[in-house]
Amino acid sequence: MKLKPVYIARDYEQKIYEAWQENKIFQANPNSPQEHYSISMPPPNETGILHIGHALFITLQDILARHARAKGYDVLWLPGTDHAALSTNAIIEKKLAEEGTNKNQIGRAKFLEITREYVASSRNTINAQIKAMGASVDWSRTRYTLDDTLNRCVKEVFVKMYNDGLIYRGNRIVNWDPALQTNISDDEIEYIEEDAKLYRFKFGPFEISTARPETKFADKYVVINPHDKRYLKYKHLDQFKAEWINGTITATVIKDEAVDPSFGTGVMTITPWHSLVDFEIAQRHNLEGQQIIGFDGRLLPIAGEFEGMTIEEARNKIVQKLDKKGLLIDIDHNYRHSIAINSRGKGIIEPQIRLQWFIDVNKRKIDWKNKKMSFKEILQEVIKNNEIKLYPKNFEKVYFHWIDNLRDWCISRQIWWGHQIPAWYLNNGDKTEVYVGLQPPQGKGWEQDPDTLDTWFSSSLWTWSTLIDPNLARDQNLTLSDLLAKSIDFQTYHPTNVLETGWDILFFWVARMIMSTIYITKQIPFKDIYLHGLVRTESGKKMSKSDPDSIIDPIKIIDQYGTDALRLALIQDMAPGKDEILGRSKIITNRNFCNKLWNVARFIQNKIKDSPVSNDSLNLKYDADHWIIRELTKTKEKYIKALDTYHFSDAYRHIYRFLNDKLADWYIESSKTNSNSNLLKYCLEETLILSHPIAPFVTEAIWGTEEHSKNGLLATQGYENIVNYNQQKAQHFDDIMVIVSEVRQLIKNLETTNLNLSTKSDFILTNTKLIKNLSGVNEIKNDSRPTPFKLKNSKHTIYINIATSLVRAYQVKLKNSLANQEQIAKNLKNRLENQDYLKKAPQELVNQTKSQLQLALDKMQNIQDELNIFVY
RNA sequence: GGGUGAUUAGCUCAGUUGGCUAGAGCAUCUCGUUUACACCGAGAGGGUCGGGGGUUCGAGUCCCUCAUCACCCACCA
């Protein structure tokens, strides 16, 4: 088949992916005698559509998977989707609201049914888009964070943790989202700053400041720093009367270090029910708290006349009332206040006290390394001991900092979409019995906890639960340990080799996987963690839905420029853990790499047509042949090493340099003079095999148009050993390159097309035609008579014959290069005159410096000799 | 308030344990359609690596400090 002049990606990509799938080449084979390699794909939201972040992680993981296959591993890259509890639940509730109903009206069963239908229809979208990216995943092992096996695992883990005392139920301040009617984890909160008013009120003998007067109905305590000299006459637990919003109250003085004397008046009242800090102060002193704001965000009966009002409605009215009573002192309008919002739903968070389930991160209950350790300690241990390696390493600092500040993890959510908590309650008059188990308890009156578990609880089980055989998981007679022992995938592919994900979910997900996996399986979940950065717009901003122009839509890019162009643009100049900027121009540049490869293939195929490939074994005929094999060998070593160490952009740069600077610019150009079609074909095939992990489609497309000694699709080809070459002959071609480059410069600088050379060197004379074709020199004569000018960079003696009219221009050029060489020689000389350098630097380096200096001096001498001609 | 990272050519960025005469892509300028490629080729210009100090024979690279920016964590009534 003949290749078209230009590579049109969309004509090939889909068919190629289908061919890969038909041949089942991405299917893992645990029975393979080869070594095994595995990656768990971070499951994207099933309701999502492919964005640039997905495109990045698919690209990186696909490169790793294909690279491992080419190295000869049996590879499992396991795909899946996440049920994304919070956001999916919110979508459905919004839909219901639009239809004029709500979840309580339709009931739990109906709600779940609607949700299931909705997600089933959208899951295909994301999976098709993952395929479009070229992902070499094993679709036969697709998993879902809400499927039966995972549900079983979730319950098993919950029950085990409960029995070990690692999960407890307690009254704690949680981040309540009145809009979504659920609490969310600390990590899912964002803070935004806004202008607010800071009110100062009279409170008994004190002045207090607050930005939130609406929470002050039940404030019966003033808290003062014990060291605050202004208030030494008030003792801890002193009582006083104060006129307040709804009449006179009796209040108590509390002394606590948490108060900052320099803020406001140094006196504050506390609202334990609606503030974490206040709650902690109240706990220290055993104070009562009272709920002021309902879970619907409206004021409760304690607010008296303000009952039922929202916070916005009530605030000004309360201030007005206090003002009328003469209690308002002043208002600071320049106050900036940060408010907590839900990073997913954007609802304003109202701290509330609720009975919730928590995971204890400090209890030493987990067996690891023959010790009883806490989750916190395990998280520190595995990274400290290098059992799990972080790339880039500097994220360790952030990681440890996060662990130091880790609190117990609240895992219950007041939503319906997700894994329901396997806890049941029985009301016995004034006491509630609690039962936690895999199956509902016997007997009447038990009711299951309506809450579900945080999505991250189930996704933290991802690496191992996905490797459990789903058929075995249905057998309730088997224990969880049995399941792990009998599942061949788990035995073969766990721990996984690498977790590749964004640094933004290091804590949400990565850390929690380490916790849960070690706790259950006694294995680490992965050996390496590679963190990539975020992809930003050309102006450096985060791509956001509110600014549609800023969004690079991978689907559109793929259609327009091809998947490979997108993949290459994503890894070009990318550094681990660092955000990168991606714009259209970068994609176009990388589309050009594909086109270059395509045209190299076209040229070589035409060549082969003209002089068909013989059946002889590979025969290196010309100096250039040895040279290109040397370059290919170097490139291959560097490329493989770069990918082995997650240096994606380096790997790409190496193959890019080889293709453009070596193969196309020099070898193909020289093959127009001296053609070795066997070797051309070999170089093309090697380049395709090497480039395949980073640009799978265009390479497979070219491969498909060729006849190969090797069978099968390109995606199944491994890296092979490279043929031997002769080092000396390779260097001969280096000599030719030096000459050609200098001649090209001369021709440009002197603005002539009429440049002639003469030499008596046999080497040059046998390569006359090649040098002429490559450099554009007019003629190379066999003539030993010297002319005033010589080529300077070649070790061969080659004279230049130029017209007298050009001599002056040539003189300027000589002076420039003399100055240049002088500077170099001066630097090297200084270095060699430094005794310390001679003593302390490695001998090898000193020798190198000496020969560099000699080279520079020789060149200077030559130039000077030529310049002397002008002395008159 | 605590922390992390960044600062290298006009722009976007590489630069792996210090050895650099600091690189690439894009952009700019000049020339060129020679058996693949104008989604091309050849050549050129452009940087005291944010400032200052230190360690070292040697610093873009390590340490200190200042400045600017970005992000993360905590959050004060």
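Chain letters run A, B, ... following the sequence lines, proteins first and then strands; every chain starts at 1. Quick note: numbers below take in every heavy atom, side chains included, and nothing from hydrogens, waters or symmetry partners.
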Please write out the pairs of protein N or O atoms and N or O atoms of nucleotides 34-36 of chain B separated by less than 3.5 Å, giving the distance to one decimal.
unit_1: B:U35; atom_1: O4; unit_2: A:K672; atom_2: O; d: 2.1
unit_1: B:A36; atom_1: O2'; unit_2: A:N599; atom_2: OD1; d: 2.8
unit_1: B:A36; atom_1: O2'; unit_2: A:R602; atom_2: NH1; d: 3.1
unit_1: B:A36; atom_1: N7; unit_2: A:K672; atom_2: NZ; d: 3.3
unit_1: B:A36; atom_1: N6; unit_2: A:E669; atom_2: OE2; d: 2.8
unit_1: B:A36; atom_1: N3; unit_2: A:N599; atom_2: O; d: 3.2

Taking any heavy-atom pair under 4.0 Å as a contact, classify [X]: base, sugar-phosphate, or nothing.
X	result
A:A340	nothing
A:V259	base
A:N834	sugar-phosphate
A:R407	sugar-phosphate
A:K216	sugar-phosphate
A:N394	sugar-phosphate
A:K840	base
A:R591	base

Taking A:I224's backbone N and O only, do any of them form a donor-acceptor pair with A:D228's side chain (distance below 3.5 Å, no angle check)?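 A pair under 3.5 Å: no.
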Donor-acceptor under 3.5 Å (A:T645 side chain, A:A642 main chain):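 Yes, the answer is positive, given that a donor and an acceptor are paired below the 3.5 Å cut-off.
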Respond yes when some side-chain nitrogen or oxygen of A:K578 is under 4.0 Å from OP1 or OP2 of B:A14, and no when none is. yes
Pair [X]-[Y], side-chain donor/acceptor within less than 3.5 Å:
X	Y	answer
A:T269	A:K216	yes
A:R831	A:Q852	no
A:N599	A:R602	yes

Please report the distance separating the [atom1] of [N] from the corresponding atom of [M], rounded so that it comes out in whole Å.
N	M	atom1	result
B:A6	B:C76	P	32 Å
B:A22	B:C29	P	27 Å
B:G51	B:U61	P	10 Å

Tell me if the centroids of the rings in A:F593 and A:Y656 come within less than 6.0 Å of each other.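 Ring centroids of A:F593 and A:Y656 are less than 6.0 Å from each other.
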Using the side-chain heavy atoms of A:N660, tell me which of these nucleotides is nearest: B:G41, B:A42, B:C40.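 Side chain of A:N660 sits closest to B:G41.
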Regarding the side chain of A:A841, the nearest nucleotide among B:C73, B:C57, B:U16 is B:C57
To the nearest 0.5 Å, how far apart are OG in A:S675 and CD1 in A:I668?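 Separation between the atoms: 10.5 Å.
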